[in-house]
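Note: hydrogens, waters and symmetry copies are ignored here, and every other heavy atom, side chains too, is used. Read the numbers this way: they start at 1 and go in the same order the structure lists the ligands and their atoms. In this text, all values refer to a predicted model and were calculated from it rather than measured experimentally.
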Amino acid sequence: MVKKYRLSERDNDLRSRLIEEQDDYAIFTLDLDGNIMNWNPGAEKIKGYLPEDIILKNFRLFYTQNDLENQVPDSLLNQAKSEGKVYNEGWRLRKNGSQFWAGVTITAIHDDNDEVIGFGKITRDLTSIKVQEEMRQEYLENLQDKNQELQQLTKIASHDLQEPIRNLNSFLDLIHHEFGTELNPDLTVYLNYISGSAKRMEDLVKGLFVFSQLGIEKERKKVSVKDLFEDVKMDLFSAITDSGVELSCTEMPTLSVYEVDFRQLLQNLLSNAFKFRRTVGTPKVELSCSRDGENHVFCLKDNGIGIHPEHHKEIFLLFKRLHAKNKYEGLGLGLANCKKIVELHGGRIWVDSVPGEGSSFYFTIPG
Ligand code: ADP
């Protein structure tokens with residue numbers, strides 16, 4: 001039972017004035033049948049009725065035909081009666097027939113014997129919030145659909161394109177094998193160009209397929225990042241030896257990650273750090289990790305060629321490369337993969353770099 005306070009006349013007056021002067025909320029009372037007993041300026045503003053048009057009419061006239069057929073007003077009054085109050089959102093009608101999205105609280109009013117004698121009704125016009133929410137939802141759904149379509153397309157295209165490339169390579173092999181000695185030198189040069197392009201196309205399509213497959217790992221696993229780092233070091237043994245890099249790693253956490261993808265992330269960042277080293281001095285690369293609130297912040301720092309600030313964002317795009325392929329090999333997929341992997345883990349990735357001095361690739365992993 002709600003504790004009742006006896007208000008002084010002044011407090012009662014203040015309370016009436018509060019309701020009278022409130023024009024953001026429709027505040028009025030109903031009798032037990034739902035007839036409207038009074039009407040404040042907020043109600044007039046939201047619903048469009050003057051007090052003389054509406055007092056003693058039934059509140060059911062605010063409800064849509066559909067809600068009336070489903071007995072929404074009656075069930076709200078019954079619920080307020082049995083539970084003390086009820087909150088409901090839905091489309092309601094204004095005097096001019098237009099609709100607004102209402103957030104409504106109906107509260108049972110009791111007499112001194114705790115008998116329900118009527119209801120208080122507070123309504124807020126939430127139309128603009130509702131419309132914004134619906135637009136956001138629609139936009140999100142559209143985006144998710146488009147994203148799925150795109151992923152499907154990438155997967156199918158990259159998979160199916162491998163077949164004609166295989167054919168091209170087989171026929172090139174056949175020509176070399178059957179007519180190799182008879183080919184004139186010009187033709188041999190042209191065929192080598194075709195072979196080179198076919199090989200690159202094959203690598204690109206395979207790379208794209210790998211990109212489209214990221215995220216199919218469903219289960220996360222607790223792994224020691226230090227152990228993963230050591231594994232990747234083994235995989236990159238010849239790149240480490242060839243570059244003469246001094247590689248170090250500070251203390252690392254144990255994390256719940258998509259293991260195959262996370263390993264790929266470390267591998268891509270490390271191989272870039274080795275590849276884009278300067279021609280003078282000893283290349284130095286360090287992986288470190290710190291904590292920032294909810295996130296682990298990893299940093300892979302190198303003292304390589306660096307990246308001009310104007311490229312800091314675009315290097316994470318698919319196929320984006322900053323150098324001719326005869327200077328540094330690559331497909332421009334490594335960092336796009338890294339971005340996708342970090343985002344699959346709920347984190348973000350960015351670079352801080354000074355041309356000629358080195359780069360620090362940062363990524364966060366929540367948890
Ligand atoms: P790829 O290495 O195949 O070219 P990535 O997507 O891995 O493609 O990298 C995109 C571009 O970003 C590279 O071509 C290079 O210009 C630049 N980049 C990446 N990592 C580094 C790094 N550690 N130092 C300097 N430049 C880098």
> Numbering the atoms of ligand 1 from 1, which are under 4.0 Å from a heavy atom of H323?
Replying inline: 16 (O)

>> Among all protein heavy atoms in this structure, tell me which lies nearest to atom 15 (C) of ligand 1, with the distance rounded to 0.1 Å.
In response: F276 CZ, 3.3 Å

>> Check whether R220 reaches the backbone of S256 with its side chain - one donor and one acceptor, N or O, closer than 3.5 Å.
In response: yes

>> Has D261 got a side-chain atom pairing as donor or acceptor with G215's backbone, closer than 3.5 angstrom?
In response: yes

>> Taking OH in Y25 as the centre, count heavy atoms belonging to other residues, nucleotides or ligands within less than 6.0 Å. Is the count above 12?
In response: no

> So with a 6.0 Å cut-off around NZ of K301, is the heavy-atom count from everything else above 12?
Replying inline: no

>> Tell me the protein heavy atom at minimum distance from atom 26 (N) of ligand 1, and give that distance in Å.
In response: I307 CG1, 3.2 Å

>> Using a 4.0 Å cut-off to any heavy atom of F361, which atoms of ligand 1 qualify?
In response: 20 (N), 21 (C), 22 (C), 23 (N)

>> Any nitrogen or oxygen of E329 lying under 3.5 Å from a nitrogen or oxygen in ligand 1? Just yes or no.
In response: no

> Which atoms of ligand 1 have any heavy atom of G306 under 4.0 Å away?
Replying inline: 25 (C)

>> Before you tell me yes or no, could you show the steps for R263 and D235 under salt bridge (Lys or Arg N to Asp or Glu O under 4.0 Å), namely the whole-Å CA-CA distance, both residues' side-chain angles and the distance that decides it to 0.1 Å?
In response: CA-CA 11 Å; R263 193 187 160 115; D235 294 343; 2.7 Å; yes

>> Taking G356's backbone N and O only, do any of them form a donor-acceptor pair with R278's side chain (distance below 3.5 Å, no angle check)?
In response: yes

> Which protein heavy atom lies closest to atom 2 (O) of ligand 1, and at what distance to 0.1 Å?
Replying inline: K275 NZ, 2.9 Å

> Is there a path of hydrophobic side-chain contacts, each under 4.5 Å between heavy atoms of I, L, V, M, F, W or Y residues, that connects V210 with L161?
Replying inline: no

>> Quick test: of every protein heavy atom, which one is nearest to atom 7 (O) of ligand 1, and how far off is it to 0.1 Å?
In response: N272 ND2, 2.7 Å

> Does some non-hydrogen atom of L333 fall short of 4.0 Å from ligand 1?
Replying inline: yes

> Do K47's NZ or CZ and the ring of F62 fall within the cation-pi criteria of under 6.0 Å and 45°?
Replying inline: yes

>> Could you identify the single nearest non-hydrogen protein atom to atom 4 (O) of ligand 1 and state the distance to 0.1 Å?
In response: R321 NE, 2.7 Å

> Looking at atom 12 (O) of ligand 1, what's its closest protein heavy atom, distance included?
Replying inline: I315 CG2, 3.3 Å

> If you measure from atom 1 (P) of ligand 1 to every heavy atom of G207, G332, S359, which option wins on shortest distance?
Replying inline: G332

>> Students should be able to answer this: which protein heavy-atom is nearest to atom 5 (P) of ligand 1, and at what distance?
In response: L335 N, 3.6 Å

>> Both conditions, 6.0 Å and 45 degrees, for the charged tip of K121 above the ring of F59: are they met here?
In response: no

> Hey, would you say the F276 and H323 ring centroids sit under 6.0 Å apart?
Replying inline: yes

> Which ligand 1 atoms does G330 reach within 4.0 Å, using its non-hydrogen atoms?
Replying inline: 3 (O)

> Tell me, which protein residue and heavy-atom name are nearest atom 10 (C) of ligand 1, and how many Å apart are they?
Replying inline: K320 O, 3.3 Å

> Does Y328 approach ligand 1 within less than 4.0 angstrom via side chain, backbone, both or neither, non-hydrogen atoms only?
Replying inline: neither

